[in-house]
Amino acid sequence: MTSDAQVPKSGTGASDRAATAWWSDLRTTLACLSAVRTDRTAVRQAYLDRAMPKYLAFLGSGVPTTPPAWSTAHGDLHWANLAGPELGILDWEGWGTAPAGYDAALLHAYSVGMLATAERVRQELSTVLDSEGGRFAELVVIIELLQSAERGDNVELVPALRQWAEEVWHRMAIDGATGH
């Protein structure tokens, strides 16, 4: 996980305005991108049907595998693919349809090692992340990271990922989105 050094920092005056504009531009870009129609695929339903029950079995039965909605996503939205001080988004080869909220969930996941940044992502993208689709997308990102850990990548994150999944699952249950 990398630093968000390219994102304008809040401070005083011009830097506050630049940071506010950057986040606003990111929200606007993600909203516009989500409405683009495409036949390209970033996340496949068959993958969700197979991986969600496997990697989220610790949550019990009834983990949904079908997202509430699909939309178009960058598909690899992390800090190394974002530029500033004016918003730039790099590395578009993986774009396509994904569960709605996938990009926001992925950026949040790549921020969890940096508490202040994770809080800022959660705040700035709360409209997406706090939606039914956003919560589902968080579970999708979690299973991708758990699968990666199974292959030996970032194994130390597994306890935190499982805790995060439990927190998301709890919020989904409160919302009635778990079927329980």
Side-chain angles (χ1 to χ4, degrees), residues 1-4 6-7 21-56 63-84 86-114 117-149 151 153-154 157 161 164-165 167-169 171-172 175 177:
M1 300 197 190
T2 62
S3 169
D4 62 336
Q6 66 275 17
V7 178
W22 190 93
W23 284 106
S24 176
D25 290 348
L26 180 61
R27 285 190 303 275
T28 300
T29 300
L30 293 179
C32 290
L33 175 60
S34 72
V36 172
R37 293 188 181 272
T38 183
D39 292 330
R40 293 177 55 98
T41 303
V43 177
R44 298 187 185 289
Q45 181 63 55
Y47 170 74
L48 300 178
D49 291 340
R50 182 180 65 256
M52 292 192 77
K54 177 179 179 179
Y55 294 103
L56 298 177
V63 173
T65 62
T66 303
W70 292 88
S71 66
T72 301
H74 176 273
D76 193 22
L77 195 70
H78 56 77
W79 294 110
N81 287 337
L82 292 168
E86 292 183 21
L87 177 65
I89 302 177
L90 312 170
D91 191 19
W92 285 89
E93 75 261 4
W95 75 279
T97 56
Y102 181 79
D103 284 337
L106 192 60
L107 186 60
H108 184 248
Y110 279 109
S111 305
V112 296
M114 304 169 286
T117 302
E119 289 173 3
R120 182 75 187 256
V121 171
R122 183 118 216 135
Q123 172 192 350
E124 296 290 346
L125 303 178
S126 63
T127 303
V128 174
L129 292 172
D130 291 339
S131 69
E132 181 182 3
R135 289 187 176 111
F136 183 90
E138 285 184 284
L139 290 179
V140 171
V141 169
I142 291 166
I143 66 163
E144 290 174 335
L145 294 171
L146 288 171
Q147 182 181 29
S148 177
R151 294 186 300 250
D153 298 328
N154 300 307
L157 296 179
L161 291 169
W164 182 19
E167 291 167 3
V168 171
W169 185 245
R171 288 194 309 269
M172 290 174 75
D175 292 346

Side chains of M172 and V168, heavy atoms from C-beta outward: is any pair under 4.5 Å? yes
Measure the shortest side-chain to side-chain distance between N154 and L145 over non-hydrogen atoms and say whether it is less than 4.5 angstrom. no
Hey, does the side chain of R40 reach the backbone of W95 with a donor-acceptor pair shorter than 3.5 angstrom? yes
Would a distance-only check, ignoring hydrogens and angles, find a side-chain to backbone donor-acceptor pair under 3.5 Å from T97 to W70? no
Heavy-atom pair of closest approach, residues E132 and P68: CG-CG, 3.6 Å
Heavy atoms of P67 and P99 approach each other most closely as CB-CB, 3.8 Å
Enter the distance from E144:CD to L48:CG here, rounded to the nearest 0.5 Å. 8.0 Å
Parallel, tilted or perpendicular: which one describes the rings of W164 and H108, with boundaries at 30° and 60°? perpendicular
Minimum heavy-atom distance W79-S111, with the two atoms named: NE1-OG, 2.9 Å
Whether the side chain of T28 engages the backbone of S24 through a donor-acceptor N/O pair (distance < 3.5 Å, no angle test) should be reported. yes
For T29 and L87 the tightest heavy-atom approach is OG1-CD2, 3.6 Å
Can a side-chain donor-acceptor contact be found between E138 and Y102 if the only test is distance below 3.5 angstrom? no
Within the side chain of H74, is there an N or O that forms a donor-acceptor pair under 3.5 Å with the backbone of E93? no
Report yes or no: does N81 contribute a side-chain atom to a donor-acceptor pair with the main-chain N or O of D76 at less than 3.5 Å? yes
Working for side chain to side chain contact (heavy atoms under 4.5 Å, CB included), residues M52 and Y47: CA-CA 8 Å; M52 292 192 77; Y47 170 74; over 6 Å; no
Atom of R122, atom of D130 and distance for their closest heavy-atom approach: NH2-OD1, 3.0 Å
Might you point out which heavy atoms bring A137 and A100 nearest each other, and give the distance in Å? CB-O, 3.5 Å
Any heavy-atom pair between the side chains of P53 and V63 that's under 4.5 Å? no
Would you say W22's side chain and A83's backbone share a donor-acceptor pair under 3.5 angstrom? yes
How about Q123 and W23: do any of their side-chain heavy atoms sit closer than 4.5 Å? no
